[in-house]
There are 2 protein chains.
Amino acid sequence: MGVTIYDVAKEANVSMATVSRVINGNTNVKPATRQKVLNAIEELGFRPNAVARGLASRKTTSVGVIIPDISNLFFAELARGIEDIASMYKYHIILSSSDQQQNKELDLLDNMLEKQVDGVIFMGSSVTSEHIEAFSQANVPVILAATVDDSHTLPSVNIDYYEAMKDAVIHLSQQIDKEAIGFVTSPLNAKINEMKRQGYLDAIKESGLPFNEEYVYPGDDSYQSGIDAANYFLNQTNPPKAIITSSDEMALGVIHGAQDYGINVPDDLNVVGFDNTRLANMVRPTLTSVLQPMYDIGAVSMRLLTKLLRGEEIEEEQVTLPHRIVVRDSTKN
Amino acid sequence: MGVTIYDVAKEANVSMATVSRVINGNTNVKPATRQKVLNAIEELGFRPNAVARGLASRKTTSVGVIIPDISNLFFAELARGIEDIASMYKYHIILSSSDQQQNKELDLLDNMLEKQVDGVIFMGSSVTSEHIEAFSQANVPVILAATVDDSHTLPSVNIDYYEAMKDAVIHLSQQIDKEAIGFVTSPLNAKINEMKRQGYLDAIKESGLPFNEEYVYPGDDSYQSGIDAANYFLNQTNPPKAIITSSDEMALGVIHGAQDYGINVPDDLNVVGFDNTRLANMVRPTLTSVLQPMYDIGAVSMRLLTKLLRGEEIEEEQVTLPHRIVVRDSTKN
DNA sequence: GTGAAAGCGCTAACAC
DNA sequence: GTGTTAGCGCTTTCAC
């Protein structure tokens, strides 16, 4: 440590500026000079100090990523999408989990801004006016990934959660011939989960399926709450013939809960999940699920950010990626 | 953006040095002065520039984390452990996935060092002499997490993979009365997987169980390779009565592969996984697995790093955390 | 208890 | 094509 651009300049008999040009790939350097500098760098084991560079150039080539929980399969996949594109564009990721707590989210944002990140990708359950306020004072672009903001003031990458759930319910309704469909929600404090719920409700209505409030079970996204939901539904006097959930993990819980109850899936009960995580293939019967392209959401978010950062042309700041239903063995008529 | 320590100093009628003292919690400031400064900071909406601070102080309060794949359940959990402790000590995490490619690992290390990270936590399949060389030139502490280095030259946090697998096999052997036990390995280019394999071999030998090379199936850590392994074993003329795998995901594959084959687990086949990820509970029958405390490995690694960084006393640089077997329904005699 | 001033290692005009 | 020279925004002696 300690060898600086100045040492390299001396060793190569050139000025600091020239060394700077070489390490930044500036073309205005005579090949011979470039080589001299390169040799000196090699010889001295020089490693440019990105902190100093950041201070001088006011760019750090790092972006902040605020994520609810990196140990969650869903978000981890999304993070990987972000990361792959980031590294492709030579950005570094400063990653922090927020546990969806607003004060933590805002603190993290602040810390990242202190670190002078060039941009931020935000994932969270809800976007309050405080969020918007904080983001707008950030002076760097902020992108919402898999996160819905009603005001549509921020660039974002999502699927249409409302339509996706609606499609899934309608698909399911066609399998079971006008029977009731139970629904296991994720926590409704998140806008996205609210949208899914609305999609379910509207699909039920439009399909003319029977409905009452008892067909909706409030889950918490955990496997266990899927099991609990199965018990809840199957103990009803007139249990639904199909259950759709807001996440795959809960769907696995529903399947196993039903199986423990002696119910056959899909013969006696159809089950549909949401997200199409790897889990969907790791259960018997395999799980029909609504595909949400997590990796792509991450990748597209990061790509969008790089465009913003490089001043590239942007067609549309509100990106909606396609969803679709992946039919597997947990649904059959 | 743009309000600096200098602006604050002017506003509060003090010098930059005093402002610096205040924001760094230095005690040598008269309370009245401190308050003046605090007011000015508030008024101006001053946010300290961590990059400038990093340049001046030669500390960035950020640590680099090199991880094979953040979208992998196992590593994601570990990352969460790192992160939680890091944020507790006010460090930021620069996170990158290496896909276990050595050149990528070394590149990432280099980039992180350019960013002047205060330390590095490394996870990878193997630690070559090039790694050691690179780490020793880093001039910042490097800690191995869930990563074994034969030379034991670096601080590290692990469980004893050899003993853990041996324990598991011996436990299993007691359930099935001297019958053969099949083993599904993870890729053997990783030291850890090699250790597990050796633990298996030695346990077989010590227990006097039958053995031949056909009882070892080379998996690749994927669910599918678990299914393949099940097919491989069950097609043998004399299939093993128990199968142990190097990872939970493969164990799920084995269970489902066996079930697809019409085999009952655990009545006809005992299955044991490794890592005790959340998956172990998300399968029927639930999976007996060797508990490896991923979160703790991450947390302890990061804690160890903070100790190194703060010059705190360290009892032992090579930490071995306890493992144990969590018995569930996939094993029964 | 507070201030002045010299860097930290680099980039970015601007000059030649 | 190359060099000179200000900074970037802070910390850190060293005085007082």
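Every chain is numbered from 1 and lettered A, B, ... according to where its sequence line falls, protein lines coming before strand lines.
Taking atom CG on A:N24 and atom C1' on C:dG9, their separation rounds to 13 Å, with Å as the unit. Between B:R53 atom CZ and C:dG7 atom P there is a gap of 22 Å when expressed in whole angstrom units. Taking atom NZ on A:K59 and atom C1' on D:dG9, their separation rounds to 16 Å, with Å as the unit. Atom NZ in A:K30 sits roughly 10 Å away from atom P in D:dG3 (whole-Å rounding). Rounded to whole Å, the distance from NZ on B:K115 to C1' on C:dC10 is 15 Å. Following rounding to the nearest Å, B:L55 (CG) and D:dG9 (P) show an atom-to-atom distance of 12 Å. With rounding to whole Å, B:N28 atom CG is found 14 Å from D:dT12 atom P. C:dC8 atom P lies 11 Å from atom OH of A:Y6, rounded to whole Å.
We find the CG-OG1 distance between B:L78 and B:T147 to be 8.5 Å, quoted to the nearest 0.5 Å.
Side-chain N/O atoms of A:R21 and base N/O atoms of D:dG3 include a donor-acceptor pair closer than 3.5 Å.
Closest to the side chain of A:I5, from the set C:dA4, D:dG1, C:dT11, is C:dT11. Candidate nucleotides D:dT4, C:dT11, C:dG1 were compared by shortest atom distance to the side chain of A:S20, and C:dT11 ranks first.
Of the listed residues (B:Q102, B:Q101, B:Q100), just one forms a side-chain contact (heavy atoms from CB on, under 4.5 Å) with B:K104, and that residue is B:Q101.
Residues A:Y89 and A:T61 form no side-chain contact, since every pair of their non-hydrogen atoms from C-beta on lies 4.5 Å or further apart.
Residue B:A17 is the one, among B:A17 and B:A56, whose nearest nucleotide of DNA chain C lies closer to the 5' end (criterion: closest heavy atom).
Taking a cutoff of 4.0 Å between a charged side-chain nitrogen and a carboxylate oxygen, A:D99 and B:R80 qualify as a salt bridge.
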